[in-house]
There are 2 protein chains.
Amino acid sequence: MARVRLQDVADHAGVSMKTVSNVVRDQPYVSEAMRARVQRSIDALGYRPNLVGRQLATGRTGSIALGIPRLAQPYFARLASLVSDRARELGYRVLIVETNSQLDAERALAQRLDAGFADGVLFQPSRMTTEELAGRDDLPMVLLGESTPPASMDRVCIDNVAAAHDVTEHLIAAGRRRIAFVGHEVEELSDTSMLRIAGYERALAAHGIAVDPELLIATGGGAEGAVREVGAALAAGLEIDAIACRDDLAALGALRAAQRHGLRVPDDIMITGWDDIFMTEVSYPSLTTISPNLDELVGTALGFLTERIDGLDQPGRHVVVPYELVARESAPAGGGGGTGAGAGTSAATGTA
Amino acid sequence: MARVRLQDVADHAGVSMKTVSNVVRDQPYVSEAMRARVQRSIDALGYRPNLVGRQLATGRTGSIALGIPRLAQPYFARLASLVSDRARELGYRVLIVETNSQLDAERALAQRLDAGFADGVLFQPSRMTTEELAGRDDLPMVLLGESTPPASMDRVCIDNVAAAHDVTEHLIAAGRRRIAFVGHEVEELSDTSMLRIAGYERALAAHGIAVDPELLIATGGGAEGAVREVGAALAAGLEIDAIACRDDLAALGALRAAQRHGLRVPDDIMITGWDDIFMTEVSYPSLTTISPNLDELVGTALGFLTERIDGLDQPGRHVVVPYELVARESAPAGGGGGTGAGAGTSAATGTA
DNA sequence: GTGAAAGCGCTAACAG
DNA sequence: CTGTTAGCGCTTTCAC
């Protein structure tokens with residue numbers, strides 16, 4: 001079936017393109033009779049507006065790009081899902097670009113971006129430096145996560161140091177002293193890991209607990225890495241009574257390794273995660289974790305981005321979004337406690 | 001900075017647009033000297049080709065749409081990630097559209113699709129009927145999953161009935177007789193659930209085990225629903241020695257509920273999942289599950305789709321992709337067995 | 001090898 | 001309220 005164009009509809013209805021265009025886009029100032037007549041032609045011909053034509057004429061693509069490391073990671077899947085929902089409400093489609101945390105992929109997204117690719121970019125970098133990020137100013141871009149943004153760019157994140165501090169405090173308050181940190185990268189530390197480790201160390205220091213480098217267990221990401229590395233450490237006789245994990249995946253792996261090793265959680269060893277992915281409520285025992293306020297994160301970021309798309313020109317805004325420490329069975333609030341029932345309840349809450 | 005267009009580069013280099021265009025697209029038949037000269041102008045001006053202009057001229061958008069229920073579901077996140085990877089290799093970007101399994105969203109994707117939205121669609125419907133799907137023939141579309149496709153449309157799936165049969169057989173072979181099925185929808189059954197229940201019932205019937213409707217436990221999806229419903233059933237005194245779950249999320253929930261109830265898995269009760277999401281290896285005990293060959297699924301579907309985009313016109317091809325029954329701790333192969341160590345090993349394998 | 005001109009399908013002034 | 005006329009930025013015949 002030959003493509004039917006705006007002009008075809010106009011001919012069929014005996015009006016001008018402009019009028020058809022008005023009808024298609026629900027513009028005011030079209031008489032009811034006219035509207036009906038045109039609509040009849042549209043239906044008769046099976047006309048569908050061509051987005052590309054519109055995009056070229058308006059200079060807008062109607063979509064925003066979301067750049068994240070990996071969609072298969074539950075945290076980013078949830079983030080993407082939220083972005084997709086909220087963006088639709090705002091009238092945008094979402095193009096998802098996975099960077100796999102690779103520098104060249106990040107650069108491709110941020111710098112070599114062809115025009116007409118998207119109207120704006122929501123980007124969570126993990127390798128690019130501030131300077132590199134700064135080297136572009138064509139497409140509106142809002143940064144997610146804790147990388148330091150160029151002065152002109154908006155950024156939304158949570159306070160990683162504070163949250164890591166809170167979670168470590170939580171373990172210390174429960175009487176734990178040999179607290180490992182698990183889940184950071186084996187090679188080059190990501191910004192995220194660095195900040196979380198900093199918060200962990202700060203909390204230890206505040207309580208006069210020496211930071212033992214042996215207790216920093218890198219896994220290279222994923223639950224499997226944590227199963228392996230924590231398992232090896234325990235097998236090697238490492239004595240610990242708590243594990244603060246970089247993220248929930250690491251925590252689930254650590255949990256598994258501890259159980260394999262015959263340890264009771266939380267009695268023998270407490271474990272905490274980060275992100276509050278769906279599994280934290282369903283694991284056994286359920287997982288104490290840091291729950292960032294993703295609704296607010298996404299809402300703020302998308303708000304900033306659409307403002308920029310609409311032409312806002314002002315220095316970069318940096319917003320810190322709240323988080324919550326959700327205490328569940330793997331590290332209950334207020335000391336020891338059995339692995340008994342009871343859903344998680346919130347304790348500390350981060351601030352903006 | 002004013003947008004720099006192809007014409008600007010041409011002016012700057014003192015050549016025609018055609019030549020610049022040739023250079024930009026790496027076309028042959030451009031002298032080296034010419035190419036170098038034009039490239040210098042491109043760099044000097046910081047020219048980026050405008051995709052929309054190209055799209056309008058070529059009639060191709062360079063992107064494909066992926067329509068799935070929810071990105072936040074691990075299975076679909078992994079699917080989307082694979083599609084995104086493979087599509088990039090094929091030169092396409094991916095536009096992800098979440099339908100939330102809602103009819104109107106599915107219709108919007110399949111029928112009201114504006115032209116220029118994408119070059120083709122990979123779609124996993126869960127509500128639309130075959131007839132509705134058939135009512136469109138503009139955009140190339142390949143169906144994922146087990147819905148019956150219109151005659152003209154390609155479709156790729158696994159054999160749900162056979163796989164459900166296998167998994168149930170697996171439990172029967174382990175000596176289980178009171179086998180529940182958990183995780184289907186509370187209201188309207190999805191095609192997927194129907195097929196899996198059919199395979200489950202067929203296996204029971206083949207072994208002379210009566211199908212007890214009380215053993216069909218709907219949850220409405222998600223792990224939480226399974227925790228709740230299985231928990232309630234056990235609390236009400238339901239006697240079962242195995243649970244075949246509709247998907248891994250339900251299985252993780254069922255596992256949690258069983259453990260809360262004080263049951264040992266797999267000794268007192270065996271549990272199986274479906275999809276082989278990352279958590280199946282990390283849960284405690286690890287989860288026996290059906291692992292569809294996603295690489296092959298995605299590869300085949302994308303292959304079909306790109307062929308259609310390139311103009312292939314022939315009746316719909318229907319491909320069934322293999323799966324594997326991965327026996328892990330929650331329902332080990334060969335009878336009872338403790339909850340000991342050992343990663344999962346594969347047993348039965350589905351066919352194409 | 002390279003240039004000129006004609007669209008791709010739509011929107012947006014500006015008249016009327 | 002409706003019609004006319006230019007483009008948006010690029011690719012593509014078809015000459016040169």
Side-chain angles (χ1 to χ4, degrees), chain A residues 1-39 41-42 45-63 91 113-119 138-139, chain B residues 1-39 41-42 45-63 91 113-119 138-139:
Chain A
M1 108 177 129
R3 284 227 99 12
V4 15
R5 306 184 314 298
L6 200 59
Q7 183 63 65
D8 299 329
V9 179
D11 293 347
H12 182 99
V15 299
S16 79
M17 287 175 62
K18 170 64 174 164
T19 301
V20 180
S21 175
N22 281 339
V23 172
V24 168
R25 291 180 299 148
D26 262 323
Q27 301 273 341
Y29 304 128
V30 184
S31 71
E32 265 322 307
M34 189 82 269
R35 190 179 296 278
R37 172 145 69 103
V38 171
Q39 188 57 52
S41 295
I42 290 178
L45 269 45
Y47 170 72
R48 312 257 128 255
N50 181 314
L51 286 202
V52 180
R54 179 177 301 176
Q55 286 167 200
L56 188 54
T58 58
R60 294 239 176 150
T61 66
S63 50
L113 217 48
D114 294 329
F117 170 76
D119 296 334
D138 33 352
L139 214 55
Chain B
M1 108 179 132
R3 284 229 97 12
V4 16
R5 307 184 310 299
L6 200 60
Q7 182 64 64
D8 300 327
V9 179
D11 292 348
H12 181 100
V15 300
S16 77
M17 288 175 60
K18 169 65 175 162
T19 301
V20 180
S21 173
N22 281 340
V23 171
V24 169
R25 289 179 300 146
D26 261 322
Q27 300 273 341
Y29 303 127
V30 185
S31 70
E32 264 322 306
M34 189 81 270
R35 191 180 295 278
R37 174 146 67 106
V38 172
Q39 188 58 54
S41 295
I42 290 178
L45 269 46
Y47 170 71
R48 310 258 129 254
N50 181 313
L51 287 199
V52 181
R54 181 176 299 176
Q55 286 165 199
L56 188 54
T58 58
R60 294 240 178 149
T61 66
S63 50
L113 218 46
D114 294 330
F117 170 77
D119 295 335
D138 33 353
L139 212 57

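Being a predicted model, the structure only gives us computed values, none of them experimental. In what follows, chains carry the letters A, B, and so on, assigned in the order in which the sequence lines appear, proteins first and then strands, with residues in each chain numbered from 1.
A heavy-atom distance below 4.5 Å is not found between the side chains of B:Met17 and B:Val20. Between A:Gln55 and B:Thr61, the closest side-chain pair of non-hydrogen atoms is not below 4.5 Å.
Remark: A:Arg5 engages A:Asp8 in a salt bridge (charged side-chain N to carboxylate O under 4.0 Å, His left out) (not counting sequence neighbours). Take A:Asp119 and apply the salt bridge (charged side-chain N to carboxylate O under 4.0 Å, His left out) test, not counting sequence neighbours, and it matches no residue. Annotation: side chain to side chain donor-acceptor pair (under 3.5 Å) contacts of A:Gln27 (sequence neighbours excluded): none. Applying the side-chain contact (heavy atoms from CB on, under 4.5 Å) rule to B:Ala57 yields no partners; only residues at least two apart in sequence or on another chain are considered. With sequence neighbours excluded, no residue forms a salt bridge (charged side-chain N to carboxylate O under 4.0 Å, His left out) with A:Arg25. In terms of the side-chain contact (heavy atoms from CB on, under 4.5 Å) criterion, residue partners of B:Met34 (sequence neighbours excluded) are, by chain and number, B:Val15, B:Thr19, B:Val30, B:Ser31, B:Arg37, B:Val38.
Identified under the salt bridge (Lys or Arg N to Asp or Glu O under 4.0 Å) test for residues 12-24 of chain B, with sequence neighbours left out: none.
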### Summary
For nucleotides 9-16 of chain D, 5' to 3', base contacts (B), sugar-phosphate-only contacts (S) and non-contacts (-) with protein non-hydrogen atoms under 4.0 Å give BBBB----

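Note on the helix from C:dG1-D:dC16 to C:dG16-D:dC1: angle between the axes of the first and last five pairs equals 30°, rounded to 10 degrees.
Close approach of DNA chain C to chain B, defined as any atom under 4.0 Å from a non-hydrogen atom of the protein, starts and stops at C:dG1 to C:dG9.
When all heavy atoms of A:Val52 and B:Leu56 are compared, the closest pair comes out as CG1-N, 3.5 Å.
Residue A:Thr19 places none of its side-chain N or O atoms closer than 4.0 Å to OP1 or OP2 of D:dC1.
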